[in-house]
Structures are given as C-alpha cells and as structure tokens.
Q: 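Okay, here's the structure, questions in a sec.
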Amino acid sequence: MGKEKKRVESITPRDEDFGRWYTDVVIQAALVDYSSVKGCLILRPNGWGIWERIQHVLDGMLKATSHQNVAMPMFIPESLLEREKDHVEGFAPEVAWVTHGGDEELEERLCVRPTSETLFCEHYAKIVQSYRDLPILYNQWVSVVRWEKSTRPFLRTREFYWQEGHTVHATEEDAMEETLRMLDVYTDFCENYLAMPVIRGQKTDKEKFAGAQKTYTIEAQMHDGKALQSGTSHYFGDGFARAFGIQYSDKNNELQFAHQTSWGVSTRLIGAIIMVHGDDSGLVLPPKIAPTQIALIPIAFHKEGVLDKAMEVKAQLEKDFTVLMDDSDKMPGWKFAQYEMEGIPLRLELGPRDIESGSCMAVRRDTGEKVSLKLENLNAQVQELLDAIQQNLYDRALALRNERIYEVHDYESFVETVENKPGFILAPWCDDQACEDKIKEDTGATSRCIPFDKTLEEGAKCVCCGKEAKHMVYWGKAY
RNA sequence: CGGGGUGUAGCUCAGGUGGUAGAGCGCUUGUUUCGGGAACAAGAGGCCGCAAGUUCAAGUCUUGUCACUCCGACCA
C-alpha cells in the first residue's frame, strides 16, 4: 500500500482517558449535539430513540403497577416552592427563574420546575378528601431544569428528561410499601432491560432528597469504577402533607394527614448504559433497549438478486425485531464501523456467497463473534443471539462490579483502596455525618448507600472513627 | 464557583513580526468499486464564537463576554 494512513473518525481508547472516551462516544454515536445554551442538549434520533425505548418499557411497568400519567405545569410560583422548608433549601440554589411576561415584570417570579413535588402537592390538597380517594398513584414524563454549574451530556445537564412519580397514601405503611415497590420496579428495569446490575439500599441523611424522610437508591458501577446513582425512591411521611394541607377523613371521620412518596429516573440512565457497556469501538446497547436491534448490510448489492433477497430478509426480520437496512453506496467496512459505533447489538451481512448457501453472517456487537446463520428459520436464531447478548452484557457487568467491591475495616486501608482501586468499598459506619464528611474530605469518596442485603458483624467498628458501627455502607467516588 | 485548555469551512486543524483565508477529511455530480472506514475527475462551501477598542488596515494586538472541554468543589 505504502500510502499515508487514512484519517478516520476515531474515539479515544476507553482505558486511556475514560472522560474523553465518554464524550467521544456520545458525539460520534450521534446521540446528542450541543445547543447554544450550556447544559441544554439536542437529543438526536439515536439518543432520543434510547429514551423512547426507556419510556416505552418503563411506562408499561408503571401502568402494570396501577400508575396513571398526568402533566403538571412547567412553572412554579416562588411562594409555592417555598412551602416546604427543607425542599426549598435543597433546590433554591439551582432553579431558573422567569421574571418577565413579554415586557412586563411579573408580580411574582416563577421558577422552571426543578422537580414537581410542590405542584403535585398543591393539587393533591384539593382532590384528596376521603380515605376512599387514596391511594393516588400519578406519574409524569417531562423535562425539568436545574441550573448546574458544570455539565456533562446525560450525566449532568441543566435540562433533563425524566419521569417523576408522586403518590399519596393513607398510611405510613402504604407509603413505605410504595416507596420500596418502585425501587423494585427500577431494579427490575435496570437489570433486566438495561443489563445493568445495581446495588439497592438507603441513602444516609446527608445524601437524602431535600424534604424526604428516607431516600432509597439504586447504585450502579461504571466501567471506570465510579458510582452512578441511577434511580431514587423517596418516602416523605406526612411532611409535605402538613406543609400543603393534604388531609383526608378516615373511616372514623377523623381528619388525617396523608403520606407520600416520589421517585424518578432520568436520561442519566443513557449515560449509565454508555459507561457500563461501551467499549473502544463505541456504544454497546443491550438488545432489549436498543432502538435498532439489527443492522442488515447487503454486500455487493448491485449484483443480481442481492438487494431483493436483502429486502426479503428484512421483511422477515421486521416481524420480530427492529431492523436497519443500509443499502447506501458507502463501503461495507464503513457501515460495519458506523453501526458498531452506534451500538446496534447485531449485524447481519448478506452477500452473494451467503445467498448461494442460503445463509447470512451474523456479528455480535458485544463480543465481535461471527456466526453463519441459515436463512431458514432465521428469526428464532436471531432471537437466540439477542438473548445471549443481553445475558452476556449483564453477566459481564456483574462480574466486573463484583470484582471491584472491596470490604475494608480500617481507615488506612480505606484511604489506600480509594486511591488505588477503582470500585466500591464496603465498610462499617457509625451513623455520624462527621465521618462521612471526613471521608469525603480525605478521599473524595461519598457514601453511596446502606445496602439491604449486608448485615453488620457483631462488634464492628466505624471504619473512620473507630466507634461502634451502626451500618454497613457502600462508598465510592461518584458521578 | 476555582484552576487549565480551546473557539478559523460540516469535522479536525494550519495561518512568524497586523495587509483582506488554506489543508485533509466530509459534502455535491459523474464513472468505476463493494465480505472491515474505496479510487479518479469536476464542483460547492468562511461576518475567522460574539461585542467593544487600538490602527490607514485586525483571524492576528487589547479588554470584555459567551460556549465547549478537562481537573476540582456542589448537585439526579
């Protein structure tokens, strides 16, 4: 060849610079584009398509658990936002304000919702009268705005899309049950659709949601070992109900305050998918959430019969899968690289040789493995491959995460582990925020959660101060 | 919000000491190609991020501002 090496679009190797790799993938897989407002992204078809899949699947799960969708306004009057003290303290520093309508200054400024508790609560105060009205199980799919100082695509943007569920219940027990049920739904969704293992647990008081009594979380480990809070479910008790006057008459005709929950996941999940599954060739999408599951590439399709056969195969596949057939005149090699970049789980190549032998070539995105499939009964074979990919992505992520959980019991090892071993640390804690603060100060790691499935050993001491421990806690650096 | 870096063609970038804008890739058209990012030919494409200032003259110098990006602090 001897020619100068051609310049091709490429991405930074993942293990060389994870941050750069991430932004390269986000841009080159055509998920987003930047807009002229900092932290407000354009979600392109590839990116929005993933969100549509997330919405579709998760919305089904929410409906199946009796939730109803609503739409609240985008604006919150300042006085309404201020109704619950902890809540406003938590959010005030990062809300965007609308001060004018046309040329005229508003009597009262309006914030663009950073979250919609106050709007739901104002409404609930009106519609809740009797125990017969409860529970109320509402959800909305909207975008919210938080004026973040530093932003990163999907992980931290000023406007982001999410779903926020807001429910009202008669009793503490009912509300707590709902809080944990939704954590289960999120767990199921992340593990079975996103192929992303999560650790479930409770947030410490320091990390809980502004205005919540208890916050539960699912925490995922990214490929670089850092944690990503991937979904939260909050138990409010009757705090908001008291602030907003949400009361009902019980069976004995006595007025009671209602008990509430809220819970949400956001487009941040797209960031999680990228950082859990992606590799040096770009995005890797789990088949169950991929907007396009199969890239069908006809080879040498100017030759007699190839394109016809490809159309036929496409029609067959589309009975069960989403298929992209690329019959543009780009080179096959270009198409291979492009659809790998975009994370399409399975590629099927169909050329004259395949047609001759009644087969096609399948290439797995997760492993790069090539197998020849018979065209006869193709869909069943493809389904099998997609299932295997889905399972492999999960198994792979789980194995890597489990390898990178380190249990430590003394502070020296704790500091040494945070510094040298990316991943999560499991260590006992005394329940004093001073220790959380010190750990963050010294190492940059924060408490991720108090897991449900780890019990404290008899006589365990706080990894930081050495006093008697109250909980086992996962710690780690987080996004 | 603190520290570093960067804004010139769609993308990546080059444009000493100020003198009116370039390359590669991409794009368009045509021909040949097609099993891992094709070749040739002919084209199109730029208020040099934005705003002030210095100057006869600013991509180039000054100041401001906005955005992106990396590293911290803060938050989903």
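For clarity, every value in this text was computed on a predicted model and none was experimentally measured. In what follows, chains carry the letters A, B, and so on, assigned in the order in which the sequence lines appear, proteins first and then strands, with residues in each chain numbered from 1. Below, all heavy atoms of this structure are taken into account, side chains as well, without hydrogens, waters or symmetry copies.
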Q: Please check if the distance between the ring centroids of Trp263(A) and His67(A) is under 6.0 Å.
A: yes
Q: Only pairs with both distances under 3.5 Å count, Watson-Crick or wobble alike; so what is the partner of C61(B) in this structure?
A: G53(B)
Q: Please determine whether a side-chain nitrogen of the Lys or Arg among Arg364(A) and Asp366(A) lies less than 4.0 Å from a carboxylate oxygen of the Asp or Glu.
A: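 Yes.
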Q: Kindly give the heavy-atom pair with the smallest separation between Ile344(A) and Ala295(A), and that separation in Å.
A: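 Shortest heavy-atom contact: CG2-N, 3.5 Å.
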Q: I'd like to know if Arg14(A) and Asp224(A) make a salt bridge, using a cut-off of under 4.0 Å between side-chain N and carboxylate O.
A: no
Q: Test side chain to side chain contact (heavy atoms under 4.5 Å, CB included) on Leu283(A) and Ile274(A); report intermediate values, then the result.
A: CA-CA 6 Å; Leu283(A) 188 59; Ile274(A) 299 166; 3.5 Å; yes
Q: Counting only side-chain nitrogens and oxygens, does Lys38(A) get under 4.0 Å of the OP1 or OP2 atom of C68(B)?
A: yes
Q: Partner of U6(B) by Watson-Crick or G-U wobble geometry, both contacts under 3.5 Å, or none?
A: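 Per the H-bond distance test, A67(B).
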Q: Between U69(B) and C13(B), how far apart are the two P atoms, rounded to whole Å?
A: 14 Å
Q: Under 4.0 Å from OP1 or OP2 of C74(B): is there any side-chain N or O of Arg146(A) that close?
A: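 It does not, given that no N or O in the side chain of Arg146(A) lies less than 4.0 Å from OP1 or OP2 of C74(B).
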Q: Rounded to the nearest Å, what distance is computed from the CD atom of residue Glu349(A) to the P atom of nucleotide G37(B)?
A: 12 Å
Q: Which nucleotide, if any, forms a Watson-Crick or G-U wobble pair with A38(B), using both distances under 3.5 Å?
A: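 Result: U32(B).
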Q: Restricting to non-hydrogen atoms, name the atom on Met311(A) and the atom on Met325(A) that form the minimum distance, rounded to 0.1 Å.
A: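 Shortest heavy-atom contact: SD-CE, 3.5 Å.
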Q: Provide the Watson-Crick or G-U wobble partner of U20(B), both distances under 3.5 Å; none if there is no partner.
A: none
Q: Heavy atoms from C-beta onward define the side chain here; which of U69(B), G37(B), C75(B) lies closest to that of Arg20(A)?
A: U69(B)
Q: Indicate whether OP1 or OP2 belonging to C70(B) is found under 4.0 Å from a side-chain N or O atom of Thr23(A).
A: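 Checking C70(B) against Thr23(A), a side-chain N or O does come within under 4.0 Å of OP1 or OP2.
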Q: If we call it a pair only when both distances are under 3.5 Å in a Watson-Crick or G-U wobble match, what pairs with G26(B)?
A: none
Q: Is it true that Glu436(A) and Lys206(A) have a side-chain N and a carboxylate O under 4.0 angstrom from each other?
A: no
Q: For the pair made of NZ in Lys226(A) and C1' in C75(B), what is the distance, rounded to whole Å?
A: 14 Å
Q: Could you check whether the side chain of Glu340(A) and the base of G36(B) have a donor-acceptor pair of N or O atoms closer than 3.5 Å, going by distance alone?
A: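 In this structure, the two groups form a donor-acceptor pair.
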Q: Other residues, nucleotides and ligands only: do more than 12 of their heavy atoms fall within 6.0 Å of CD on Glu318(A)?
A: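 Enclosed: over 12 neighbouring heavy atoms sit under 6.0 Å from CD of Glu318(A).
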Q: Check every atom of G35(B), C75(B), C34(B) against the side chain of Arg156(A) and return the nucleotide holding the closest atom.
A: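 Nearest to the side chain of Arg156(A) among the choices is C75(B).
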Q: Going 5' to 3' through nucleotides 26-31 of chain B, assign each nucleotide B (protein heavy atom under 4.0 Å from a base atom), S (under 4.0 Å only from sugar-phosphate atoms) or - (no protein heavy atom that close).
A: -S----
Q: To the side chain of Val363(A), which of C68(B), G36(B), C34(B) is closest?
A: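 Selected nucleotide (nearest to the side chain): G36(B).
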Q: So which nucleotide from G36(B), A67(B), C75(B) ends up closest to the side chain of Lys440(A)?
A: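 Nearest listed nucleotide: C75(B).
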Q: The side chain of Ile299(A) lies closest to which of these nucleotides: G36(B), C34(B), A73(B)?
A: C34(B)
Q: Rounded off to whole Å, could you give me the CZ-to-P distance for the Arg44(A) and C11(B) pair?
A: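 In whole Å, C11(B) P and Arg44(A) CZ are 11 Å from each other.
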Q: Strictly by Watson-Crick or wobble contacts shorter than 3.5 Å, is anything paired with C74(B), and which nucleotide is it?
A: none
Q: Under 4.0 Å, heavy atoms only, any strand: does Leu155(A) hit a base, just the sugar-phosphate, or nothing?
A: base
Q: Which nucleotide wins on minimum distance to the side chain of Pro153(A), given the candidates C75(B), U33(B), U69(B)?
A: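 Side chain of Pro153(A) sits closest to U69(B).
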